[in-house]
Amino acid sequence: MITFAIERFSDVYGELLPLLDRHYAEISTHKDHDVPLDPMVEVYRAREADGSLMMVIGREEGVIVAYLVAFVAPGLHYRSCLTCSPDIFFVREDKRTGMAGIRMMRFVEKELRRRGVKRWAMGSKVQHDASALFRYLDFKPVETMHEKWL
Amino acid sequence: MRNFLKIAQGVDVMPLLVALHQRPDLWDQNRLRTTHELTPHKQVSDIWLRFNDLNKYEQTGDPSSVIDEHESICYPAFHALPQARQMIMNLMARVEGIRLGRCLITRLMPGRKIDPHVDGGEHAAYYERFHVVLQGNPGSIFRCGDETVQMLTGEVWWFDNSVEHEVINNSAEERLHLIVDIRTIK
């Protein structure tokens, strides 16, 4: 059984680090360019302090097996539109066969609705395509992001 | 949050935990709350510190004497656990309580749950409900309405028990809460 809850970055970061390393190793394009994982912890702490950081943590028997990190704030171009912008999400490899991802997203949606968020955006990697999940959850594709390493 | 309010943290719960460890015989001496037909608390163990006088119920068979009666009496565990009494009285002072109702210590093992329910009856409406978390670890989920929190060791919470609530202990440890009903000046 996996249960989801909002947790505080400062409480959970140390426990989360091993999963962040696995997450980075699996999906990051930065590692292919010798850019190490080195989160700007002070920025996350500041966003936790100003209330714009949302961390959803999924646990099984107390152990973290999934997480979603996002930012909740008015849109920079749309002051009246409280917006949830994506940072990262991850489900541990051995927990991907069930409904954990869908259940986590549903928990997030419920929480965002509770907070009065109007627009929720999520990204999907080309090499790790989660777009089927988002289509299932009634998201609409609106943008493709490109990157060029210089 | 509308349904939860954390009113304190950093409470020293260790003296009471030690006392509970030394008195395992106190658990489940009274099982009415956890065994009646429709109870959502089937998977819970209790220590009653203060509760309704069950003599009335046993004499009349009238459940309203438990559900609606405001007056609680002290059970032997209240005298056996001075560490709990101190916490309860500190809480009374903190929230400016004017009447003390039921006081229970509850235990929910890892992987167990309390089914969704609303605390009904006159007693629940009359008192405010507080939880002193004696042992609570990440994964111990408490949902009330559309809000979910994790109550962690040493924290004290008020919550609105008139709203549907449920608990899932998905942590690796027992969930131990001291539940205190207090009438406050509203």
Side-chain angles (χ1 to χ4, degrees), chain A residues 1-20 48-49 51-70 72 82 84 90-92 94-95 98-100 103-118 120, chain B residues 1-11 13 17 40 42-44 107-116 131 133-157 159-160 163-177:
Chain A
M1 173 179 59
I2 301 172
T3 49
F4 298 95
I6 303 294
E7 298 197 30
R8 288 163 47 90
F9 173 81
S10 48
D11 292 337
V12 82
Y13 179 63
E15 195 181 349
L16 205 55
L17 265 176
L19 279 188
L20 291 176
E48 176 185 35
S52 62
L53 176 64
M54 185 181 79
M55 299 197 64
V56 171
I57 302 293
R59 293 180 181 271
E60 187 173 59
E61 296 178 1
V63 176
I64 299 176
V65 296
Y67 55 80
L68 182 144
V69 183
V72 176
L82 193 57
C84 176
F90 181 75
V91 177
R92 208 174 69 187
D94 58 317
K95 301 298 173 189
M99 298 282 282
R103 289 184 54 233
M104 179 163 71
M105 294 300 169
R106 285 186 170 148
F107 179 90
V108 171
E109 181 169 343
K110 194 171 164 187
E111 176 65 13
L112 295 179
R113 287 182 185 279
R114 189 185 71 79
R115 294 187 184 194
V117 169
K118 285 186 179 173
W120 176 20
Chain B
M1 291 197 143
R2 289 171 287 108
N3 303 322
F4 292 103
L5 180 65
K6 184 161 71 173
I7 63 169
Q9 59 187 19
V11 172
V13 297
L17 285 177
K42 284 188 174 71
Q43 300 182 346
V44 173
R107 177 174 64 191
L108 188 65
M109 303 300 277
R112 301 299 179 91
K113 62 181 182 175
I114 299 170
D115 293 330
H131 280 235
V133 185
L134 306 177
Q135 184 166 280
N137 288 290
S140 180
I141 302 294
F142 200 141
R143 179 187 68 80
C144 185
D146 60 355
E147 298 170 342
T148 301
V149 299
Q150 297 189 107
M151 296 184 177
L152 302 177
T153 302
E155 295 177 346
V156 183
W157 291 76
F159 91 99
D160 186 351
V163 175
E164 185 192 76
H165 52 281
E166 68 176 323
V167 173
I168 301 171
N169 182 8
N170 194 19
S171 77
E173 304 291 339
E174 295 174 2
R175 171 190 185 269
L176 297 169
H177 281 205

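All figures in this text were calculated on a predicted structure; none of them were measured in a lab. Letters go in sequence order (proteins before strands), and every chain restarts at 1.
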Heavy atoms from other residues, nucleotides or ligands near NZ of A/K118 exceed 12 (cutoff 6.0 Å): no
From A/R113 atom CZ to B/D146 atom CG, the distance as rounded to the nearest 0.5 Å: 12.0 Å
Part of A/I57 lying under 4.5 Å from any heavy atom of chain B: neither
When B/R143, B/R2, B/E147 are compared by non-hydrogen pairs under 4.5 Å with chain A, the top option: B/E147
Taking every non-hydrogen atom, the tightest pair across A/T3 and B/G139: OG1-O, 3.9 Å
Closest-packed option against chain B by number of heavy-atom pairs under 4.5 Å, given A/R115, A/E60, A/E111, A/K110: A/E60
Neighbour count >12 (heavy atoms, 6.0 Å) for atom NZ, B/K113: no
Heavy-atom proximity to chain B below 4.5 Å, by part of A/F107: side chain
Heavy-atom pair count under 4.5 Å with chain A, highest-scoring of B/G111, B/P110, B/P138: B/P138
Atom CD of A/E61 with >12 non-hydrogen neighbours under 6.0 angstrom: no
Residue pair B/Q150, A/R59: steps toward the side-chain contact (heavy atoms from CB on, under 4.5 Å) verdict: CA-CA 12 Å; B/Q150 297 189 107; A/R59 293 180 181 271; 4.2 Å; yes
Heavy-atom contact with chain A under 4.5 Å, split by part of B/N170: both
